[in-house]
Amino acid sequence: MMAIALARQIKDGMTCIIGTGLPLIGAALAKNTTAPNAVLIFETGMIDGAPQEVPTSVSDLRIAYKASALWPQYRYFGFESNAWKKNKIDLGFLGGAQIDPYGNLNSTCIGDYHHPKTRFTGSGGANGIATYVNTVIMMQHQKRRFCEKVDYITSPGWIDGPDGRKKMGLPEVGPQAVVTELGIMRFDEKTRRMYLAEYFPGITPQQIQENTGFELDLSRAVEAEPPSKEILEILTKKVDPQRLMI
Amino acid sequence: MNLPNKVMTLEEAISKYVHDGDTIAFGGFVTNKKPYAAVREIIRQGKKNLYVEGGPAGGDVDMLIGAGCVKVLFNSYMANSGYTQVSRRFRKAIEEGTILWEDYSLDIQPILYHAAALGFPFIAVKNMLGSDLVNKWGIPEEVWQNDPKLPPRKLIVDRNPFNPDEQVCLLPTPKIDVAIIHVQKAAPDGTARIEGPVFVDIDIAMGATNCIITCEELVHPDELRREPWLNQIPNLVPDAVVHVPFGAHPSQCTNYYDYDGLFFRMYDQVSGDDELFKQFLDEWVYGIKDQNEYIDKLGASRLTNLRVRPGYGYVPGLKRR
């Protein structure tokens, strides 16, 4: 459902930066179904490829298939950092281990930074994506992951509210949605705090609140449209038949 | 033309150019074109106290950490994506505090290497502002100040001198002693051609004091000089050229082979356990003399199955799990 919800965020013709993990499969699904003309960009510098098989990483040559260009990585950086002024990139997709009500994301460590209980990969391209483009975040929906304060801010969201990014010198873009296995959260236009926008079939808004470590506004929540059989079939038979990512 | 001959064995190249305490940068990206043969040779030679510019690292740097070769890691990401979510020796070393490390954004390391290639003293970016990549330093401040291998600070957040309303993050350019990259074709004089994505390879090769190139094919210089616009590295840059077929296995190499998912799976299992990892090093690194023995151990049918299908650039339907 997460992969499908993610694929739904990619509209045909959109230009998106895709990060490692679940975003790879959502992007491959979108490309094979509802958004064949979406342009996919990767931090490896591979631009506008047409993956026919699910890639396992952003450097997998499966995403170089029919690509428009394979840039050195610094070219990707240049394109990304100028894109927000030119509106060239619609969305970036990120994953993470912890998130706070303002969409600040942790993909570095749990516990003290110098003596972590659990250490993760590090930023990857996530910090750069969060700096320069509007983002959609993929998370597992658990209380310990949705917390009032994250242990380490790897990728800035709305920082501490409406003026947070400006104060830090960051471009005026930010997280647009958080997609989990339970539903989709968005951010209030004024306060920039997270609220529940959609819950998936079979899930109640109360269940989502119970799995969230901070107070979530449930008043605007609606039930999400269930996935069609056709989409599920494409996902399991065509996009990832070897179950590499799902 | 009387061209120089820079061809040597991997053993010679590593012993000549990689020294204990050096800063090393590796080419490739996570599971693509990682110079694994050179990494195994560094481990075999027991190099110590290395400062490693991880860039987008995977099992290559994870093996070096596990073998005890690394003192400091400059990290932005480390995993065999799709197989090991977080490199396991890396993770253990940080959780137990046995190495020093510093975290950067994966956009920033390529820019730092590009700056090194251009001879810039520092870069000014917006990345990392508003995040703990700025606020929390992995290497203690006194180490930054006192270690002659390091600049005095990780970074400085300051006003843009040309626009005081704007905040910028200033980062010093790394001083790389040796860059190691794997390419598809190289000539004995050092001219090299990378096919497929180049990632950070050209920049680290240019930014480093010394550069070792390992190659799939060692070709006649005329072969590469007929179409020089397809070459990224001129003969002046590398110091050593080493012929190492399948030198990036188990990672991918454009036009040559796909990644070996079954090997990555095996590495995922062994790298999660101290004893198994030790056995892995004994079997796949210390117990092997050179790349020819490594290839023999893998076997012809295994490597043949990884040969990319022309027109695809990968092996369609490859058993990856």
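In what follows, chains are A, B, ... by sequence order, proteins preceding strands, each numbered from 1.
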Residue part contacting chain A, namely of [X], when any heavy atom lies under 4.5 Å:
{"X": "Pro197(B)", "value": "both"}
{"X": "Asp258(B)", "value": "side chain"}
{"X": "Ile108(B)", "value": "side chain"}
{"X": "Asp165(B)", "value": "neither"}
{"X": "Glu96(B)", "value": "neither"}
{"X": "Thr31(B)", "value": "both"}

Choice from [options] maximising heavy atom contacts with chain A below 4.5 Å:
{"options": "Asn127(B), Val198(B), Asn32(B)", "answer": "Asn127(B)"}
{"options": "Asn80(B), Thr254(B), Leu133(B)", "answer": "Leu133(B)"}
{"options": "Lys136(B), Arg320(B), Lys126(B), Glu166(B)", "answer": "Arg320(B)"}
{"options": "Asp132(B), Leu106(B), Val86(B)", "answer": "Asp132(B)"}
{"options": "Pro140(B), Gly313(B), Ser76(B), Ala79(B)", "answer": "Ser76(B)"}
{"options": "Glu95(B), Gln167(B), Met78(B)", "answer": "Glu95(B)"}

### Message
Does Glu181(A), at its CD atom, have more than 12 non-hydrogen atoms belonging to other residues, nucleotides or ligands within less than 6.0 Å?
### Response
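Yes - once you tally the heavy atoms of other residues, nucleotides and ligands closer than 6.0 Å, there are more than 12.
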### More than 12 heavy atoms of other groups within 6.0 Å of Phe79(A) CZ
yes
Is it the side chain or the backbone of [X] that comes within 4.5 Å of chain B heavy atoms, both, or neither?
{"X": "Ser123(A)", "answer": "both"}
{"X": "His114(A)", "answer": "both"}
{"X": "Lys66(A)", "answer": "neither"}
{"X": "Asp112(A)", "answer": "neither"}
{"X": "Asn104(A)", "answer": "neither"}

What option among [options] has the most heavy-atom pairs under 4.5 Å with chain B?
{"options": "Ile159(A), Val58(A), Asp60(A)", "value": "Asp60(A)"}
{"options": "Gly164(A), Gly124(A), Gly122(A)", "value": "Gly124(A)"}
{"options": "Gly128(A), Ser59(A), Gly78(A), Pro156(A)", "value": "Ser59(A)"}
{"options": "Ile153(A), Leu170(A), Leu70(A)", "value": "Ile153(A)"}
{"options": "Tyr65(A), Phe120(A), Tyr113(A)", "value": "Tyr113(A)"}
{"options": "Gln52(A), Glu43(A), Gln73(A)", "value": "Gln73(A)"}

Cationic N near anionic O, under 4.0 Å, [X] to [Y]:
{"X": "Arg89(B)", "Y": "Asp274(B)", "value": "yes"}
{"X": "Asp160(A)", "Y": "Lys167(A)", "value": "yes"}
{"X": "Asp62(B)", "Y": "Arg88(B)", "value": "no"}

### Query
Just checking, any donor-acceptor pair under 3.5 angstrom between side chains of Thr154(A) and Thr108(A)?
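On atom types as modelled, these side chains qualify, holding a pair under 3.5 Å.
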### Message
Can you confirm whether the side chains of Asp103(B) and Tyr152(A) place a donor and an acceptor under 3.5 Å from each other?
### Response
no
### Query
CD1 of Ile181(B) to CD1 of Ile233(B): how many Å apart, nearest 0.5 Å?
3.5 Å
### Query
Parallel, tilted or perpendicular for Tyr83(B) and Tyr259(B), by the 30°/60° rule?
perpendicular
### Query
How are the rings of Phe77(A) and Tyr132(A) set to each other: parallel, tilted or perpendicular (split at 30° and 60°)?
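Aromatic pair Phe77(A)/Tyr132(A) classed perpendicular.
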### Query
Taking the six-membered ring of Phe74(B) as reference, does the NZ or CZ atom of Lys154(B) fall below 6.0 Å from its centre and within a 45° cone about the axis?
no
### Task
Might you work through the side chain to side chain donor-acceptor pair (under 3.5 Å) test for Gln109(B) and Tyr77(B), ending with a clear yes or no?
CA-CA 10 Å; Gln109(B) 285 188 307; Tyr77(B) 183 83; over 6 Å; no
### Query
Going through the distances and angles, do Ile156(B) and Phe122(B) end up as a side chain to side chain contact (heavy atoms under 4.5 Å, CB included)?
CA-CA 10 Å; Ile156(B) 295 171; Phe122(B) 65 89; over 6 Å; no
### Query
Between Gln184(B) and Ile194(B), is a side chain to side chain contact (heavy atoms under 4.5 Å, CB included) present by the stated rule, with each step listed?
CA-CA 6 Å; Gln184(B) 281 80 1; Ile194(B) 297 169; 4.0 Å; yes
